[in-house]
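For reference, the structure is listed below as structure tokens.
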Amino acid sequence: MAKITKLDDIVSLCKRRGFIFQSSEIYGGLASCYDYGPLGVELKNNVKKAWWKAVVQMRDDVVGLDCSILMHPLVWKASGHADKFADLIAECKKCNTRTRVDHLKEKAEGQADEHTEHISIDAAQVETGDLSKKVCPNCGVVGQFTEPMPFKLMFETQMGANVDDSMTMQLRPETAQGIFVNFRNVLDSTRVKIPFGIAQIGKSFRNEVTTKAFIFRTREFEQAELEFFCEPGTDEKWYEHWRQARFDWYINLGMKKENLRFREHAKDELAHYAKGCVDVEYKFPFGSGDWQELEGVANRTDFDLRQHQRGMRTLNKWFENDRKMTNIKLADEAEDYEKGPLSYFDEEQKRRYIPYVIEPSAGMDRSTLAFLVDAYDEEEVRGEKRSLLRFHPDLAPVKAAIFPLVKKDGMPEIARKICDDLKRRFNCFYDEKGAVGRRYRRQDEAGTPFCITVDGQTKEDNTVTVRERDSMEQTRISADQLLNYLREKLGL
RNA sequence: GCGGGUGUAGCUUAGUGGUAAAGCUCCAGCCUUCCAAGCUGGUCACGAGGGUUCGAUUCCCUUCACCCGCUCCA
């Protein structure tokens with residue numbers, strides 16, 4: 001079954017079929033950047049559409065949002081990204097391995113392999129100023145480190161055409177903050193009541209130290225995130241709800257169950273704000289066949305909204321400091337923060353609180369790749385290899401292809417007409433070139449679920465054949481019934 | 001960032017210090033009444049830059065990109 005065993009096979013398939021190309025390829029490529037080709041963009045759009053439908057449109061308790069990528073600099077101060085999305089890394093002069101400074105241990109220290117969160121650069125410099133006793137985790141040499149160098153994990157750009165007074169901005173490293181910042185707006189404009197969620201799909205940017213693995217980890221990527229706000233105390237219940245809902249989403253879209261699993265985060269692995277976190281992982285066929293994260297579902301507690309209340313209180317200081325972020329400290333939290341501007345008033349209980357947040361955060365590029373890999377199959381047909389993509393109908397880039405059996409006797413005209421009619425309902429493809437068998441196989445490789453063929457009999461009794469991708473079986477049905485037939489089969 | 005490997009047509013491969021070959025694909029035409037048929041013709045490549053050389057795809061250097069393994073990261 002596993003016909004794709006190496007990453008190379010995936011890359012080759014993606015390029016050959018027009019799913020994914022390397023960015024700027026004619027210029028030799030650009031590291032970590034990829035473009036979606038004609039089939040790829042349809043596939044990825046369908047993945048996003050399926051997510052949006054399941055998470056937003058099919059529910060009464062979730063609304064959507066589409067925020068700008070550039071946000072107020074204080075957003076990243078409050079969220080913690082400005083300080084904490086920068087690591088200090090030192091390189092061992094002996095073996096040239098790089099290690100995060102805060103991961104380095106002194107010789108005598110215990111072996112407990114604790115997982116630490118990002119800490120602020122300032123704090124890191126104070127805490128780890130002396131590397132002379134630190135041990136290289138790779139070669140064991142003591143105190144042979146280069147000066148710690150900071151890594152900026154957020155992309156920066158300038159806003160304002162006038163260089164002199166332009167402001168440094170960051171491209172968002174996650175879409176989530178746009179949701180938190182609009183919490184008030186959504187509350188005030190939509191009459192939603194807790195528990196409810198706000199969902200968003202969009203690009204995010206992270207200056208990862210290493211990328212690698214095709215589109216699996218890239219610096220520019222697309223996220224689909226939901227922030228689900230609930231009353232403290234009900235958070236465990238919603239956490240359970242969403243982890244299951246998100247797992248089922250992949251299964252319902254045809255992903256093989258044996259390739260999907262949960263991975264619970266250990267306590268010491270959790271981000272400082274998270275109460276619980278679980279990854280949905282897919283068994284990608286990279287190298288050793290490792291499980292890789294598709295999506296994380298986290299219980300973020302009330303951390304984010306509380307942080308933004310602090311951020312709002314910092315605004316004046318920021319103006320006074322000439323709109324510079326350096327040397328600005330986030331304002332302390334108000335004593336009665338639970339009644340703050342981002343609190344929620346519960347009508348039934350007549351009390352205010354800061355809601356807890358459950359966050360399912362999925363990588364759309366990763367999901368697209370996983371669906372692609374999972375759908376790929378090869379089989380033997382009459383001694384010939386048939387390769388096909390068994391996409392779920394919702395994800396298939398093209399839903400139906402329409403052929404005249406041969407290019408004469410008026411068949412092309414009829415087929416064209418059918419194609420034009422169907423096109424208005426879903427994505428269709430017309431092809432009249434070459435032998436019909438070849439055309440079938442071409443559609444197999446694109447993952448098209450159905451092929452409709454107009455033949456000599458069509459003119460006599462107005463029937464066509466519908467050929468099914470997975471079984472290659474054909475059914476003859478009336479052209480008048482075609483639309484209904486396909487809509488039922490495709491679930492549209 | 002380190003170590004190892006790779007880079008020839010859309011794909012898979014061949015080959016050489018003297019101007020690159022094949023299969024499949026693709027395009028056009030003919031022929032074709034149901035699963036990559038046939039015939040004819042055609043398009044398309046040595047990742048980029050520099051050096052050595054009369055001459056470099058081949059040797060050397062640099063660079064870019066990708067893969068594997070570390071490191072790092074969610």
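Keep in mind it's a predicted model, so treat the numbers as computed, not measured. Numbered from 1 within each chain, the chains take letters A, B, ... in sequence-line order.
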- Above 12 or not: heavy atoms from other molecules or residues under 6.0 Å from NZ of A:Lys275? yes
Per-pair distances, 0.1 Å, donor-acceptor, side chain in residues 426-434 of chain A, under 3.5 Å, sequence neighbours excluded:
| from | atom 1 | to | atom 2 | distance (Å) |
| --- | --- | --- | --- | --- |
| A:Asn427 | ND2 | A:Pro397 | O | 2.8 |
| A:Tyr430 | OH | A:Glu432 | OE1 | 2.7 |
| A:Asp431 | OD1 | A:Lys433 | N | 3.1 |
| A:Asp431 | OD2 | A:Arg442 | NH1 | 2.9 |

- Nucleotide B:C26, atom C1' - distance to CG of A:Asp431 in whole Å: 12 Å
- Item | For A:His241, all residues meeting ring pair (Phe, Tyr, Trp, His ring centres under 6.0 Å), sequence neighbours excluded | A:Trp238
- Query: For the rings on A:Trp242 and A:Phe228, is their centre-to-centre separation under 6.0 Å?
  - Reply: yes
- Message: Assuming nearest nucleotide by heavy-atom distance, tell me which of A:Arg263 and A:Arg16 is located more 5' along RNA chain B.
- Response: A:Arg16
- Gap in Å between the two C1' atoms, one belonging to B:A56 and one to B:G50, rounded: 12 Å
- Query: Taking the same atom, C1', in B:G7 and in B:U57, what whole-Å distance lies between them?
  - Reply: 12 Å
- Whole angstrom value for the distance that separates P of B:G7 from CD of A:Glu25: 16 Å
- Query: Between A:Ser361 and B:A74, is there a side-chain N or O to OP1/OP2 distance below 4.0 Å?
  - Reply: no
- Query: Can you tell me if the side-chain N/O atoms of A:Gln22 get under 4.0 Å from OP1 or OP2 in B:C66?
  - Reply: yes
- Task: Indicate whether OP1 or OP2 belonging to B:A65 is found under 4.0 Å from a side-chain N or O atom of A:Tyr27.
- Result: no
- A:Phe214/A:Tyr34 aromatic ring centres below 6.0 Å: yes
- Where each residue is assigned the nucleotide of RNA chain B containing its nearest heavy atom, which of A:His265 and A:Val11 is assigned the position nearer the 5′ end? A:Val11
- Task: Go along nucleotides 34-47 of chain B 5' to 3' and tag each nucleotide: B for a protein heavy atom under 4.0 Å from its base, S when only backbone or sugar atoms are that close, - otherwise.
- Result: BBBS----------
- Message: Taking B:U32 as the reference, what is the distance to B:A37 when you measure between their C1' atoms (whole Å, please)?
- Response: 9 Å
- A:Asp444/A:Arg390 salt bridge by N-O under 4.0 Å criterion: no
